[in-house]
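First up is the structure itself, then whatever we jot down about it.
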Amino acid sequence: MTSGTDFSTEDRPEFPLDIEMVEAGGLTFEIVGCGEGDRLALCLHGFPAHALCWRDLLPPLARLGYRAWAPNQRGYGNSSRPQGVAAYNIEKLIDDVAALIDASGAKETVLIGHDWGALVAWGFAARKVRPLKALIIMNVPHPMCYLRSLFRSAQLFKSWYILFFQLLWVPDRLFARNHAALIEKMVRRSSNPDKFPAAMLKIFRDSAAQPGAVTAMLNWYRALFRGGARRAVRSGFPVIHVPTLMIWGEADIALSKSATYDTHRYVSNLTLKYLPGVSHWVLQDAPDTVTAMIEEFLQSDTRIKT
């Protein structure tokens, strides 16, 4: 585990969390796992998080019969940290998902993503890289909806930080200072701080404070800005027919609710749930509500055919 924080599961000992290192696609991924079997629930975190942000969801997924995996994506935690902006191209991030699914030996996959993990999940589902049983997205709009929203709402101004991240050295040094203290400040500002676990913030900071970690994390944004987004748009986004649940915290300070309004144009089988007063960090703000929504969705015979 990246930090010494105790995230025991004594309240649900039948589904303890395990930490393992998995080789996939030429990289090594640190995975927080729970459950077993050939039905995979793959949970992708975002910036500036850590795989343990999924800890409240993994045991319920295991209880539903899934082998729940939450990997630290490339550059994060103790996973491989390749150097250079190009190593974080969106195509490589999508390939990582395919490699992890293959490494798991799963016969069925549910893909779950938050923040950057959701953006990768959107691309993976649209490209049909591997078959998916279901797709679950948290607080990141479909890429085409996001682009449309930039010029018809306040979204362009809310996205200022992406331009700041393009600078060399300056954001890297700011985020790395004082044991990544700015990471905690950023998360507290974008969350409901009275609900965000302090121990989770420590894990985020410990992870980001590792040598080269901040630069790797920022390189996700740099690679997208330096051609990744343009290539994705040029390739197009075919309609996603996978049953999709989208959960949206309406109090997100970085992403506008209006960016979700046209999602049905790109997803044929969509269930969209709004959570008033809930921040960008939906699972940390409302773990019981979000978990219940996911359980209901995955158990619904009308939306997900076997």
Side-chain angles (χ1 to χ4, degrees), residues 41 43-47 49 53-54 56-57 60-61 64 110-126 132-159 161 186-197 200 237 239-304:
C43 303
L44 307 178
H45 69 79
F47 174 87
C53 68
W54 297 105
D56 288 325
L57 182 61
L61 288 170
L64 290 177
V110 171
L111 187 58
I112 305 172
H114 172 255
D115 190 80
W116 251 106
L119 181 60
V120 173
W122 279 127
F124 186 91
L132 294 177
K133 186 69 176 291
L135 176 67
I136 299 174
I137 297 291
M138 301 181 197
N139 270 75
V140 159
H142 186 282
M144 294 306 296
C145 293
Y146 175 78
L147 290 175
R148 289 173 180 271
S149 73
L150 282 176
F151 305 102
R152 69 181 186 193
S153 70
Q155 186 57 66
L156 185 62
F157 298 101
K158 289 185 175 185
S159 301
Y161 63 93
M186 186 179 192
V187 173
R188 286 191 179 278
R189 181 174 177 271
S190 60
S191 67
N192 285 321
D194 59 325
K195 296 182 180 179
F196 204 99
M200 189 69 69
F237 281 88
V239 173
I240 295 171
H241 298 294
V242 174
T244 300
L245 170 63
M246 189 174 186
I247 301 174
W248 193 270
E250 294 185 356
D252 193 320
I253 66 169
L255 294 163
S256 299
K257 179 181 176 181
S258 61
T260 68
Y261 293 163
D262 291 335
T263 308
H264 63 278
R265 298 179 58 178
Y266 305 98
V267 183
S268 66
N269 190 346
L270 175 67
T271 300
L272 179 53
K273 301 283 189 179
Y274 292 113
L275 297 178
V278 173
S279 79
H280 177 76
W281 299 91
V282 288
L283 188 57
Q284 281 67 48
D285 268 19
D288 294 339
T289 300
V290 170
T291 297
M293 286 178 174
I294 291 173
E295 289 177 333
E296 179 186 9
F297 177 73
L298 293 178
Q299 292 176 307
S300 173
D301 293 334
T302 61
R303 284 188 287 268
I304 302 178

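For the single chain, residues carry numbers from 1 onward in sequence order.
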Check for a donor-acceptor pair, side chain of [X] on one end and backbone N or O of [Y] on the other, with a separation under 3.5 Å.
X: W248; Y: M138; answer: no
X: S190; Y: V187; answer: yes
X: T260; Y: K257; answer: yes

So, taking the atom named [atom1] in [X] and the one named [atom2] in [Y], what distance separates them when rounded to the nearest 0.5 Å?
X: L132; Y: L111; atom1: CG; atom2: CG; answer: 5.5 Å
X: L119; Y: F47; atom1: CG; atom2: CZ; answer: 14.0 Å
X: R188; Y: D194; atom1: CZ; atom2: CG; answer: 10.0 Å
X: T244; Y: H264; atom1: OG1; atom2: NE2; answer: 14.0 Å
X: L44; Y: I137; atom1: CG; atom2: CD1; answer: 8.5 Å
X: L61; Y: I294; atom1: CG; atom2: CD1; answer: 6.5 Å

| task | Quick one: do H280 and D115 satisfy side chain to side chain donor-acceptor pair (under 3.5 Å)? Show the steps, please. | result | CA-CA 8 Å; H280 177 76; D115 190 80; 2.8 Å; yes

[X] and [Y]: which non-hydrogen atoms are nearest, and at how many Å?
X: G249; Y: N139; result: N-OD1, 2.6 Å
X: G277; Y: D285; result: O-OD2, 4.5 Å
X: L57; Y: P60; result: O-CD, 3.1 Å
X: D262; Y: R148; result: OD2-CD, 4.2 Å
X: A134; Y: L298; result: CB-CD2, 4.1 Å

| query | Does a donor on one side chain sit under 3.5 Å from an acceptor on the other, for S279 and N192? | reply | no

| side chain to side chain contact (heavy atoms under 4.5 Å, CB included) between V242 and S268, worked out | CA-CA 8 Å; V242 174; S268 66; over 6 Å; no

What I'd like to find out is whether the side chain of [X] reaches to under 4.5 Å of the side chain of [Y], using heavy atoms alone.
X: V239; Y: V267; value: no
X: W281; Y: M200; value: no
X: P143; Y: Y266; value: no
X: H114; Y: C53; value: no
X: H241; Y: N269; value: no

| request: Could you go through the side chain to side chain contact (heavy atoms under 4.5 Å, CB included) check for L135 and W122 one step at a time? | output: CA-CA 8 Å; L135 176 67; W122 279 127; 4.1 Å; yes

| field | Check against side chain to side chain contact (heavy atoms under 4.5 Å, CB included), E295 and L64 | value | CA-CA 8 Å; E295 289 177 333; L64 290 177; 4.0 Å; yes

| query | Would you call the rings of H142 and F237 parallel, tilted or perpendicular, where under 30° means parallel and over 60° means perpendicular? | reply | perpendicular

| task | Can you spot which of T271, V290, L245 makes a side-chain contact (heavy atoms from CB on, under 4.5 Å) with I136? | result | L245

| Can the ring centres of H45 and W116 be said to be less than 6.0 Å apart? | no

